[in-house]
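Chain letters run A, B, ... following the sequence lines, proteins first and then strands; every chain starts at 1.
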Amino acid sequence: MRRETVLIIGFGLAYAAFAALVTHSYYQLILTVVPIWAVMGLAWNLLSGYSGFVSFGHAAFFGLGAYFVALAQIGWNLSPWLGIPAAGVVGALAGLIVGIPTFRLRGHYFALAMLAYPLALMYVFEWLGYQELTLPMRRDAALQFMQFEDHRIYTWLAAGLMVLAMLLTGRVERSRFGLSLIAIKEDEAAAEAAGVRTLHWKLLAITLSGAMAGVAGGLYAVVLLVVTPPAVFGMLVSAQALIVAMFGGAATVWGPVLGALVLVPLSEFLHAQLADKIPGIQGVVYGLAIIAVILLAPEGVVWKWRAYRRKRARAAPAPAAASPVSPAAAAQRASGPERPVIFEARQLSKSFGGLKAVRDVTLQVRQGEILGIIGPNGAGKTTLFNLLNGFLRPDGGEVVLDGRSIAGSAPDRVCAAGIGRTFQVARPFRRMSMLDNVMIGAFLHEPSAAAARAVALDALAQVGLAEHAQRLADGLTNKQLRLLEIARALAGKPRILLLDETMAGLTGAEVEELITLIRALAASGLTIVIIEHTMQAMVRLVDRFVVLDDGAVLAEGEPARITQDPAVIDAYLGRKWRMANA
Amino acid sequence: MCAVLAFERAPGLIMDLPQFLENFLQALTAGLLTGAIYGLVCVGLSLIFGVMRVINFAHGDFMMLGMYVAFYAFGMLAAVPLFGEWLSPYLAALFAGPVIFVAGMLVHKLLVSRVTGMRASALASEGHYAQLILTLGIALVLQNGALYLFGSAPVSIQTPLASTAWLVGPLHGERVEIFVNQGQSIAALIALAVVLVFVAVMNRTRLGKALRAAADNPVAAVYMGIDVARAHRLAFGLGVAITAIGGGLLASSISFQPYVGLEYVIVMYAGVVLGGLGSVPGAFLGGLTIGLVQQLSTLFLPNQLQNAAIFVMFLVIVLLRPQGLFGTAARRT
């Protein structure tokens, strides 16, 4: 068993043992609701903590679960032993139904839309006449209907559920699923370009999250025996899920649990002591806790602790940047028109409002070549890449890979088809380690974490970053960022690599290292398309140039010919310069 | 709560045409009158989003505070013979403006400014969520704090005008008559006047220019010598103040309690999103539309589902046209 698994189960047992010693019924109730809110926090965390899509509406799933268990027992005499798992199914379905339309939205819009679901449900359930549902007493079949004399059993059930939720979260966190969610949080577009099927993972996350919240709601109904719309669909429910997770630390297994352990007893205690004198104290405490967390430790307790541990552990200074391993000198590769065309753009056009960024661009990429695309700033180079990798849908024309049109395919599909890319401004997943960054790319062909890890380590070694594998991608040098992006693309085993101004901002020596690396990649059989707006380095690197100016192809050919082309010189230096130097 | 606005009318779908026409016109009138105040409330929210790019979850709760300020101010003003019961509800509503303005400036300076503005851009996505969650915390404190201060019993501003109506009609063969509530009509006119004054301030004055510059491009505005932090603080204060005046105007036609803001925050966002986030005229029209939809929905839906109808409409708008129905200011952050 993994160490974390042992810890989680040990924690669950310790909690259950502690609960066994408590006989006061009020404290027992608190001990029971703590794990329920921990499960609710873990549910919120699974979606919002990992993927960054903040939900203010988890009460919707919680409330549906609670009402399902109550109504199923009242109407169908259904035992909660079946009702609670079924509440999970209800929550999962609700998550999926909510997710499909709502994931079209991002940021503010997503959060706002999520807020509307539970509030709308609250009014609907009031209108349906369910202002207050009481679960019928079944002393005749207490075991079957979870109506235990000994209230500690509820605590043990809740603690068991919490352990399950923690184990599930831990499993997700270490898997392709969890890393993909974190990549989505860090940079959704870059994740798509690295082959992550973002909608697929987000839907899976909200479905699982809805299921966990539904189960929590179901158990809540059984424990409290009374269900009212404000108590299960109210804003405080969603807020509580969010705050226990954020307080403890979002995107962690222990964070939501820690948050629930601290905040739930605190607010319950204050509520019990002061509610008659100060009504609303519970809400004020949660509100103040939210404000304090956001202002003082927005990352939460667990992350603070990890940062503290890391600081102490860092005895030795970070190793100096290593240079890429120079592979055996790249053989001079044969070039020529005899190589087959594998990738091409046919009359590709794209306008933004009145600006024609790319106009009727036709170009062919031949197998194994290094094709340079150059042009002054604003010539449409990056727009062209965005059309080629699916970020943009062309207004006209086609992108053809192996004779099949792929224009309009989503970026992750294009990536899966064998086209990797890097970005003009590097877009690493900043709060992931370099290894995790590259694993995101590797998952494209290796669904298991272990295999993806091996591929990622290979890719890191290929670009010379192997010894930094565990370092966070934040705070790297420009060169390291460029290499990291190349490694991430390489891990997806592309056939064609699109490099967007990879050499921008590098020193002369660094440019030389990159040229060596790119040549080695080409020598290994990879086809490379590289954008630059400066020509010096490119002349020595590429087999062929395509020159873009003002969105259209100005010239095409071998480096020696292009540098002499009057039209190219005009575009770069101006007609006057050519006349003066003629 | 909003149901109080709608007049008693016979339920049931079977009715003759003049009866339906009367109900329809009655709901239309009520919708326009309520909608004008919703429009004002939405303008306040829209200002904050337009200038600061902040989604203020606590906005409904500032409106709730405005309602209580107006409620207590009315209690004092009504005692003054000069104002009496006729003038004091409106003076009380306007009085809520400056009070909540100061409160808003303080909340911004002490809390909101720490996670928004220039500094937030350095926090990348973190800052983006930090402000959402912070304003959620503020909302919880305001709601529950108000519960302690003001109690949970619903209150409203009782004025003679609120129960007086003009009779329009009879129209259409003597059978159709519409009541136009006088209190609501005056409140709607005041709301419209406040919006017009605000638009004039934004377009004509130096303050308005500074706010618009800070909204367009905060970095460039700083280079031009505009104190963007101050502009944001003013925008936040003004935004909640405008909404508080709207709340004060509503306070004489509905009864309210400390959680009233939660219902209205969705109403407000529905209006603002409908008008295109960040557009002031759009927000007013959006609020007006929401008022109309809310009142007209009573023709077909039971009263309890009025708010559910607004939430559903909000979801439909956000999902289908997040850039807003009126097409302006389609910038998304």
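- The minimum heavy-atom distance between A:Ala120 and B:Ala308, with the atom names listed, is O-CB, 4.1 Å.
- By the neighbour-count criterion of 12 heavy atoms within 6.0 Å, atom CZ of A:Arg393 is sparsely surrounded, having that number or fewer from other residues, nucleotides or ligands.
- Contacts between A:Leu242 and chain B at a heavy-atom distance below 4.5 Å involve the side chain alone, from C-beta outward.
- Heavy atoms of A:Met246 lying under 4.5 Å from chain B belong exclusively to its side chain.
- Heavy-atom contacts from other residues, nucleotides or ligands closer than 6.0 Å to OH of B:Tyr148 number 12 or fewer.
- Chain B forms the most heavy-atom pairs under 4.5 Å with one residue out of A:Asp187, A:Thr102, A:Leu115, and that residue is A:Leu115.
- For A:Ile291, the parts lying under 4.5 angstrom from a heavy atom of chain B are both the backbone and the side chain.
- Interface remark: of the candidates B:Val312, B:Leu262, B:Val265, B:Leu262 forms the most heavy-atom pairs closer than 4.5 Å to chain A.
- No more than 12 heavy atoms of other residues, nucleotides or ligands sit less than 6.0 Å from atom CZ of A:Phe269.
- Across all non-hydrogen atoms, the minimal contact from A:Tyr123 to B:Leu305 is O-CD2, 4.1 Å.
- At a heavy-atom cut-off of under 4.5 Å, chain B is reached by A:Met235, A:Leu236, A:Ala239 from residues 233-241 of chain A, listed in order of number.
- Just one of B:Leu140, B:Thr135, B:Leu134, B:Ile138 meets the side chain to side chain contact (heavy atoms under 4.5 Å, CB included) condition when paired with A:Ile290; it is B:Leu140.
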